[in-house]
Amino acid sequence: MPVCIKGERRLQFLPTSRSRRGIASRMAWSLEKCDGETVENTTMGLVRPATADYAGEAIESVKAGKVIAVPTDTLYGFACDACSMEAVHRIYEIKGRKHTSPLAICVGDVQDIQRFATTDHLPLGLLDSLLPGPVTVVLRRGDSSILEKSLNPGLDSIGVRVPDCDFIRLISRGSQSALALTSANLSGQPSSVDVKDFENLWQHCVRIYNGGVLPSGRAGSTVVDLTKPGEYKILRPGSAKEETIAILESYALVGENNVS
């Protein structure tokens, strides 16, 4: 039986002409009453505010192997426990993405990165200067990484994020693992800066956390390869290319194109 909860809204699927033609159905807000109070549906696709009040719920969803949608400091993303292969495979299914395309991970704090990737070749303080922020650092996993070998099989490197976003960092810390993280959209489609941008995919997530319209545009994070000592390579310009390069070069790293 549904549970009556004051002040909560629920979502339900409303068929449209598109859904009758076999195209993915859309979702719409709906309120139902039970003895004068709102009924919360416990099925997939519930939208919550991206606030600390709901972080515990999000953590439990991740620990249970579910996929959630969350805001970051750049784009909305799909997230799950990086060590749950069932959840990781579910993200690929939701996005319609090839399994040969790697996923990045998200951790709560810069010091957590060393649990999942090799950092001892980097200048002291570099990662703290880059992160938290709109940057994905690509590092070698190394033998000490606790990541599942089946995540991004065949690759000895991993992209790591520490977004400048309190909500997702709370989830990362509370999960006591790394989050597999990728943009919340169908593969090949524009990235999402508003939960409405991927409304057709809500039904595939146990929860969607709404942080409003994100202000940084659709460029996403700047991706930089730091696997080689003393060198860097920008793999994707993203939203912070110039700032990232300035920080890297202040630590005497040399861009790949400038290596003799």
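Hydrogens, waters and symmetry mates are skipped; everything else that's a heavy atom, side chains included, is used.
- Between Ser216 and Pro134, every side-chain heavy-atom pair lies at or beyond the 4.5 Å cut-off.
- Residues Ala58 and Phe167 approach most closely at CB-CZ, 4.4 Å, considering heavy atoms.
- With sequence neighbours left out, the side chain to side chain donor-acceptor pair (under 3.5 Å) criterion links Asp197 to Arg218.
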### Message
What verdict does the side-chain contact (heavy atoms from CB on, under 4.5 Å) test give for Val224 and Ile234, after you've listed the backbone C-alpha separation in whole Å, the side-chain angles of each residue and the deciding distance to 0.1 Å?
### Response
CA-CA 4 Å; Val224 57; Ile234 300 296; 4.0 Å; yes
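- Checked against ring pair (Phe, Tyr, Trp, His ring centres under 6.0 Å), Tyr92 has the following partners two or more places apart in sequence or in another chain: His99.
- Between Asp128 atom CG and Ile247 atom CD1 the span is 11.0 Å, to the nearest 0.5 Å.
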### Task
In sequence, state the C-alpha distance, the side-chain angles, and the governing distance for Ile94 and Val67, and then conclude on side-chain contact (heavy atoms from CB on, under 4.5 Å).
CA-CA 10 Å; Ile94 294 171; Val67 175; 4.0 Å; yes
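- The closest side-chain heavy-atom distance from Tyr209 to Thr51 is not below 4.5 Å.
- Side-chain contact between Asp81 and Leu179 is absent, with no heavy atoms from C-beta onward closer than 4.5 Å.
- Listed by chain and number, the residues in a side chain to side chain contact (heavy atoms under 4.5 Å, CB included) with Ile59 are Lys63, Ile171 (sequence neighbours excluded).
- Gln114 contributes a side-chain N or O that, together with a main-chain N or O of Gln111, makes up a donor-acceptor pair within less than 3.5 Å.
- You'll find the side chain of Leu214 stays beyond 4.5 Å of the side chain of Asp194, heavy atoms only.
- Shown here are the salt bridge (Lys or Arg N to Asp or Glu O under 4.0 Å) partners of Glu86, two or more places apart in sequence or in another chain: there are none.
- Between Val206 and Leu46, every side-chain heavy-atom pair lies at or beyond the 4.5 Å cut-off.
- Judged by distance alone, with hydrogens and angles left aside, the side-chain atoms of Ser61 form a donor-acceptor pair with the main-chain N or O of Glu57 at under 3.5 Å.
- Considering only heavy atoms from C-beta on, Leu226 comes within 4.5 Å of Leu248 through its side chain.
- Among the candidates Thr72, Leu131, Val107, the single residue satisfying the side chain to side chain contact (heavy atoms under 4.5 Å, CB included) test with Pro163 is Thr72.
- Annotation for Gly217 and Val193: closest pair O-CG1, 3.4 Å, computed over non-hydrogen atoms.
- Within a 6.0 Å radius of CG in Asp225, other residues, nucleotides and ligands contribute more than 12 heavy atoms.
- The salt bridge (Lys or Arg N to Asp or Glu O under 4.0 Å) search around Asp73 returns Arg161, not counting sequence neighbours.
- Note on Ile113 and Val135: same hydrophobic cluster, where clusters join Ile, Leu, Val, Met, Phe, Trp and Tyr whose side-chain heavy atoms are under 4.5 Å apart, directly or indirectly.
- Listed by chain and residue number, nothing satisfies the side chain to side chain donor-acceptor pair (under 3.5 Å) test with Gln189 (two or more places apart in sequence, or in another chain).
- Of the possible donor and acceptor atoms, one in the side chain of Ser145 sits under 3.5 Å from a partner among the backbone N and O of Phe116.
- The shortest heavy-atom contact between Ala240 and Thr222 is N-OG1, 2.8 Å.
- Contacts of Thr136 classified as side chain to side chain donor-acceptor pair (under 3.5 Å), with partners at least two apart in sequence or in another chain: Ser221.
- Leu75 and Val213 sit in two unconnected hydrophobic clusters of ILVMFWY residues. Membership requires side-chain heavy atoms under 4.5 Å apart, directly or through other members.
- Residues Leu201 and Ile208 form no side-chain contact, since every pair of their non-hydrogen atoms from C-beta on lies 4.5 Å or further apart.
- Atom CD in Gln203 sits 9.0 Å away from atom CE in Met44 (nearest 0.5 Å).
- At a cut-off of 3.5 Å, with distance as the only test, no side-chain donor of Ser175 or Ser177 sits close to an acceptor on the other residue.
- With sequence neighbours excluded, the residues that form a salt bridge (Lys or Arg N to Asp or Glu O under 4.0 Å) with Arg90 are Glu93.
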### Task
Take Val70 and Arg207, measure what side-chain contact (heavy atoms from CB on, under 4.5 Å) needs, and give me the verdict at the end.
CA-CA 9 Å; Val70 292; Arg207 296 290 186 273; over 6 Å; no
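- In this structure, Lys66 NZ and Cys205 SG are separated by 12.0 Å, a value rounded to the nearest 0.5 Å.
- Annotation: the span from Leu127 atom CG to Leu122 atom CG amounts to 5.0 Å, rounded to 0.5 Å.
- Rounded to the nearest 0.5 angstrom, Leu253 CG and Leu126 CG are separated by 6.0 Å.
- At distances below 3.5 Å, not a single donor-acceptor pair connects side-chain atoms of Trp202 with backbone N or O atoms of Lys196.
- Panel note: side chain Tyr76, backbone Gly211; a donor-acceptor pair is recorded below 3.5 Å.
- Clustering of Ile, Leu, Val, Met, Phe, Trp and Tyr side chains at separations under 4.5 Å leaves Leu155 isolated, with no partner residue.
- Under the rule for a side chain to side chain donor-acceptor pair (under 3.5 Å), the partners of Asp109 that lie at least two apart in sequence or sit in another chain are Arg169, Arg173.
- Under a 4.5 Å side-chain heavy-atom criterion applied to ILVMFWY residues, the cluster that includes Val138 comprises Val223, Leu235 as well.
- At least one side-chain heavy atom of Val162 sits under 4.5 Å from a side-chain heavy atom of Pro132.
- Nearest heavy-atom pair, Lys228 versus His121, reported as atom, atom and distance to 0.1 Å: C-CD2, 4.3 Å.
- Linking Ile, Leu, Val, Met, Phe, Trp and Tyr whenever their side-chain heavy atoms come within less than 4.5 Å leaves Leu170 and Val110 in two separate clusters.
- Across every non-hydrogen atom of Leu181 and Cys106, the tightest pair is CD2-CB, 3.9 Å.
- A salt bridge links Arg140 to Asp156: at least one charged side-chain nitrogen sits closer than 4.0 Å to a carboxylate oxygen.
- For the side chain to side chain contact (heavy atoms under 4.5 Å, CB included) test, residues two or more places apart in sequence or in another chain that qualify with Lys95 are Phe78, Ile91, Arg97, Thr182, Ser183, Asn185.
- The line from CZ of Arg115 to OG of Ser144 is 11.5 Å long, rounded to the nearest 0.5 Å.
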